[in-house]
Amino acid sequence: MNNFIEQAVSILKERLPELPTVGIVLGSGLGGLADKIESPVYVPYGELPGFVTSTAPGHAGRFVAGRLAGKPVLCMQGRLHFYEGHSMQDIAFPIRVMKALGVQTLILTNAAGGVNTSFSIGDLMVLEDHINFMGANPLTGPNDDSIGPRFCDMTFAYTPALRELAFSVAEKQGVKLQKGVYLGYMGPNYETPAEIRAFRTLGADAVGMSTVPEVIAASHCGLNVLAISLITNMAAGIEKKKLSGDEVIEIANQRAQVLQTLVSGIIEAL
Ligand code: HPA
């Protein structure tokens, strides 16, 4: 296995109170869930070999470890995006470290634009599948067979049992959940209205600039995956007005609590 993975794992094993079984990756403006972790231990990415730091707004750039809803978790408070100039391999790296530490279930959140016109701003969407439109893939290059297979199956990348669990927890909490296909766009510009029309024709329900690389890396190394989008805006051209990053963060802040309670409930029920 990659030397840096082993080094990062051995440092984290020394610093973490216990080995995590659940990994969490938090999206733009959604980092607040990490503040709910009990007896948190913080490890900035910059203190770990092989890691690059996140520069995106609304992303803190550190691991937060501890207990959430009774389970040992390791949370990425701040994720890495392809548009920041990180390589796909850099984005995959923390996911592989989580797996090597003993994480079995990976839960990801993201902020996304609604492509499906029946969605509303503030909706939560469970990802059933994705379309990789980022023009790159974390699995290119030599394959490390000790991490996963050369040709990685993606049929059940979004673990069906976890999706079912998300719906049953949401029902108990009285939270409406959408489901759909997330299209990963490289960014950093928002899409054009023509692109959004094309993506709808391709079968996308939501569009965003993250999640796809992490889910590919997670599938490759055999993690169970649940991903939930917060629809922070309707995608370009739907509402005949400009999109803004501030609006994305504002809606994320407004709806963060509902998403946090849902994710906590899912972790409790795992
Ligand atoms: N497009 C891409 N990424 C996004 C959007 C969007 O409309 N909203 C939040 N993240």
Side-chain angles (χ1 to χ4, degrees), residues 24-33 54-61 76-86 88 91 107-137 158 177-216 226-260 262-263:
I24 307 172
V25 183
L26 299 173
S28 302
L30 299 168
L33 185 63
S54 63
T55 63
H59 290 264
M76 289 186 74
Q77 194 176 31
R79 62 144 57 93
L80 307 170
H81 300 84
F82 196 44
Y83 67 71
E84 293 174 84
H86 301 307
M88 282 278 168
I91 300 170
I107 301 179
L108 306 106
T109 65
N110 62 53
V115 175
N116 184 327
T117 52
S118 75
F119 288 179
S120 305
I121 293 173
D123 278 357
L124 299 176
M125 183 191 91
V126 171
L127 275 69
E128 294 189 304
D129 206 343
H130 74 222
I131 297 171
N132 181 5
F133 214 83
M134 299 181 103
N137 189 306
Y158 296 86
L177 265 192
Q178 307 280 9
K179 59 183 170 189
V181 173
Y182 175 96
L183 184 141
Y185 184 77
M186 188 193 303
N189 59 288
Y190 290 114
E191 304 73 26
T192 65
E195 285 169 341
I196 293 302
R197 288 193 298 276
F199 295 164
R200 189 177 302 117
T201 305
L202 289 177
D205 296 290
V207 63
M209 303 176 196
S210 67
T211 306
V212 165
E214 292 118 317
V215 171
I216 293 173
L226 175 70
I228 303 176
S229 291
L230 167 60
I231 305 299
T232 51
N233 57 283
M234 295 313 290
I238 296 179
E239 287 191 325
K240 313 290 174 232
K241 64 172 191 130
K242 284 186 165 191
L243 305 189
S244 94
D246 290 344
E247 186 191 352
V248 167
I249 299 290
E250 190 189 318
I251 300 293
N253 288 337
Q254 278 175 27
R255 294 287 289 164
Q257 193 59 51
V258 176
L259 184 52
Q260 282 171 22
L262 177 64
V263 171

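Both ligands and their constituent atoms are indexed starting at 1 by order of listing. Sequential numbering from 1 along the given sequence is applied to the chain's residues. Computed from a prediction, not measured in an experiment: that's the story for all the values here.
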Got a list of side-chain donor-acceptor pairs under 3.5 Å for residues 248-259, not counting sequence neighbours?
residue, atom, partner, partner atom, Å
Asn253, ND2, Ile249, O, 3.3
Arg255, NE, Gly122, O, 2.8
Arg255, NH2, Gly122, O, 3.1

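Considering only heavy atoms from C-beta on, Leu177 comes within 4.5 Å of Leu262 through its side chain.
Scored by the salt bridge (charged side-chain N to carboxylate O under 4.0 Å, His left out) test, Glu247 finds Lys241 as partners (sequence neighbours excluded). Remark: Asp205 pairs with Asn116 by the side-chain hydrogen bond (donor to acceptor under 3.5 Å, both in side chains) rule, at least two apart or across chains.
Rounding to the nearest 0.5 angstrom, the gap separating the CZ atom in Phe119 from the CD atom in Gln178 is 4.5 Å. Residue Tyr158 holds its OH atom at 16.0 Å from NZ of Lys179, rounded to the nearest 0.5 Å.
The contact shell of ligand 1, taken as protein residues with any non-hydrogen atom closer than 4.0 angstrom, comprises Ala111, Ala112, Gly113, Tyr190, Glu191, Val207, Gly208, Met209, Thr232, Asn233, Leu243, Val248.
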